[in-house]
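First listed ligand is number 1; within each ligand, the first listed atom is number 1. Values reported hereafter were calculated over all heavy atoms of this structure, with side chains retained and with hydrogens, waters and symmetry mates removed.
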Amino acid sequence: MKVLNFGSLNYDYVYNVDHAVTPGETLSSSNMETFLGGKGLNQSISLARAGVPVFHAGMVGEEGGQILEACAKSGVNAEFVRQIPGKSGHAIIQLDKNAQNCILLYGGSNRKITKEFVDEVLSHFEKGDVLLLQNEINELDYIIDRAYEKGMQIALNPSPFDSALDACDLKKVSIFLLNEIEGGQISGETDPEKILDVMMGKFPDSRVVLTLGSDGVIYRDKNQTCKQGIFKVKAVDTTAAGDTFTGYFIASILAEMPIEEALRMCARASSITVSRMGATDSIPTMDEVKEALKG
Ligand code: RIB
């Protein structure tokens with residue numbers, strides 16, 4: 001069984017600010033750094049660092065060489081990442097004094113996916129293989145339909161939540177990984193229990209992982225509900241915390257780990273990410289997570 005992550009690859013321009021800039025305001029930043037990120041790349045690197053061999057599919061632009069090098073260095077198989085003319089995707093991230101972020105995306109090459117490219121990539125995968133998706137690339141609905149036809153198991157992090165998801169047949173998704181904002185947008189509810197009730201009503205055979213920021217996470221499927229709190233750490237940068245959770249969760253499902261144990265491991269992994277700067281750079285290895293769980 002193979003794991004494919006079809007997703008975004010970004011340069012992240014991170015600006016340290018007192019607070020996120022408000023409409024009409026001009027604000028100076030105290031520092032600026034460039035990191036590699038993108039929900040897709042972060043989740044592939046999280047899977048790889050959790051010990052899962054992962055294929056990443058996507059597009060980078062002319063200046064995307066550093067991203068390809070990062071894939072190679074992190075053990076992410078990038079044979080399905082194409083380098084095309086034009087700019088790579090990027091994100092402008094404001095990181096405030098409480099380590100909270102605001103993210104503005106520029107799609108660039110992430111939005112140049114073609115149906116032909118999707119068909120080409122999926123021709124290398126088969127029934128039972130796992131497909132992980134986020135919502136930072138185009139042709140998401142087409143990818144879901146073709147992968148489902150092949151009998152692949154589809155996991156979706158519907159982030160950012162926008163109208164592109166309206167075209168997607170979400171009944172074809174077996175695992176949803178979403179935060180409370182996305183959960184609210186998908187269900188029309190704000191209370192986590194109600195969000196999960198609506199999700200299970202709409203998608204009764206799926207597994208749902210609902211992350212709740214400082215309130216931890218709730219998992220639900222048709223047989224069980226499990227909760228896990230956060231591991232408190234000094235937060236430096238919350239970017240990629242959710243992506244770390246997603247990669248580690250898929251890894252734990254593949255390892256057939258009991259859900260309670262899986263959630264604990266994922267929460268510990270995310271807490272390490274939060275304690276470090278940057279997106280891909282901050283994601284821990286499985287050895288680091290196991291060591292931290294002993295403490
Ligand atoms: O989830 C964090 C990621 O969202 C960042 O790395 C940024 O690139 C955006 O895609």
Side-chain angles (χ1 to χ4, degrees), residues 5-17 20 32-50 56-61 63-64 66-68 70-71 74 76 81 87-96 99-113 132-138 140 155-162 164-165 176-183 185 209-213 217 235-250 266 269-284:
N5 182 9
F6 214 132
S8 59
L9 309 103
N10 287 341
Y11 285 95
D12 286 355
Y13 304 120
V14 181
Y15 299 83
N16 288 83
V17 289
M32 185 268 176
E33 281 182 89
T34 305
F35 296 95
L36 302 183
K39 291 184 200 309
L41 179 62
N42 296 340
Q43 293 177 21
S44 280
I45 288 186
S46 177
L47 275 159
R49 294 199 180 141
H56 192 101
M59 303 268 190
V60 292
E63 81 299 36
Q66 211 185 333
I67 293 177
L68 295 172
C71 288
S74 308
V76 172
V81 179
K87 281 188 193 305
S88 296
H90 73 244
I92 292 176
I93 303 183
Q94 298 179 49
L95 183 61
D96 76 12
Q100 288 303 321
N101 62 29
C102 287
I103 302 181
L104 177 67
L105 288 173
Y106 169 72
S109 51
N110 293 316
R111 306 211 63 89
K112 299 274 169 61
I113 308 294
L132 174 59
L133 298 167
Q134 313 76 31
N135 187 28
E136 289 187 346
I137 57 171
N138 62 314
L140 198 65
L156 174 67
N157 169 218
S159 180
F161 190 92
D162 63 29
L165 290 163
F176 290 93
L177 302 116
L178 66 181
N179 65 25
E180 75 263 52
I181 296 173
E182 292 140 10
Q185 289 164 318
V209 181
L210 181 66
T211 56
L212 304 169
V217 57
V236 172
D237 180 1
T238 53
T239 309
D243 299 328
T244 302
F245 198 107
T246 294
Y248 269 82
F249 186 78
I250 301 297
C266 298
S270 293
S271 75
I272 297 174
T273 299
V274 165
S275 69
R276 297 171 175 171
M277 269 304 288
T280 57
D281 286 353
S282 66
I283 299 168

Is the closest N or O pair between Thr239 and ligand 1 shorter than 3.5 Å?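 No; the residue has no nitrogen or oxygen that sits under 3.5 Å from a nitrogen or oxygen of the ligand.
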Using a 3.5 Å cut-off on N or O atoms only, is Lys39 in polar contact with ligand 1?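 Looking only at distances, the answer is yes, because the N/O contact criterion of under 3.5 Å is met.
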Check ligand 1 against [X] and write out every atom of the ligand that is under 4.0 Å from a heavy-atom position of the residue.
{"X": "Ile103", "answer": "4 (O)"}
{"X": "Glu136", "answer": "4 (O), 9 (C), 10 (O)"}
{"X": "Leu105", "answer": "9 (C), 10 (O)"}
{"X": "Ala91", "answer": "7 (C), 8 (O)"}
{"X": "Ala279", "answer": "6 (O)"}
{"X": "Gly37", "answer": "6 (O), 8 (O)"}

Is a side-chain donor or acceptor of Ser109 paired with a backbone partner of Gly61 at a separation under 3.5 angstrom?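 Checked: pair present.
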What is the closest protein heavy atom to [atom], and at what distance does it sit?
{"atom": "atom 6 (O) of ligand 1", "result": "Asp12 OD2, 2.6 Å"}
{"atom": "atom 3 (C) of ligand 1", "result": "Asn42 ND2, 3.6 Å"}
{"atom": "atom 1 (O) of ligand 1", "result": "Asp243 OD2, 2.7 Å"}

Could you tell me which non-hydrogen atom of Ile272 sits nearest to which non-hydrogen atom of Ser275, and how far apart they are?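 Smallest heavy-atom distance, with atoms named: O-OG, 2.6 Å.
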Over all atoms of both residues, closest heavy-atom pair of Asn10 and Asp12: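 Shortest heavy-atom contact: CB-OD1, 3.7 Å.
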Test log, rule side-chain hydrogen bond (donor to acceptor under 3.5 Å, both in side chains), inputs Gln134 and Asn5: CA-CA 9 Å; Gln134 313 76 31; Asn5 182 9; 3.0 Å; yes
Taking side chain to side chain contact (heavy atoms under 4.5 Å, CB included) as the criterion, tell me which of Leu105, Leu9, Asn110 meets it with Glu136.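 The residue from Leu105, Leu9, Asn110 that satisfies side chain to side chain contact (heavy atoms under 4.5 Å, CB included) with Glu136 turns out to be Leu105.
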Indicate yes or no: at least one non-hydrogen side-chain atom of Cys266 is less than 4.5 angstrom from one of Val217.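 Side chain of Cys266 against side chain of Val217, heavy atoms only: no contact under 4.5 Å found.
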Is Ile137 close to Phe6 at the side-chain level, that is, under 4.5 Å between some pair of heavy atoms?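 Phe6 reaches Ile137 side chain to side chain.
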Side-chain donor-acceptor contact under 3.5 Å, Asn157 with Ser159: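 Not at all, the side chains of Asn157 and Ser159 share no donor-acceptor pair under 3.5 Å.
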Ser8 near ligand 1, heavy-atom distance under 4.0 Å?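 Per 4.0 Å heavy-atom rule, Ser8 does not contact ligand 1.
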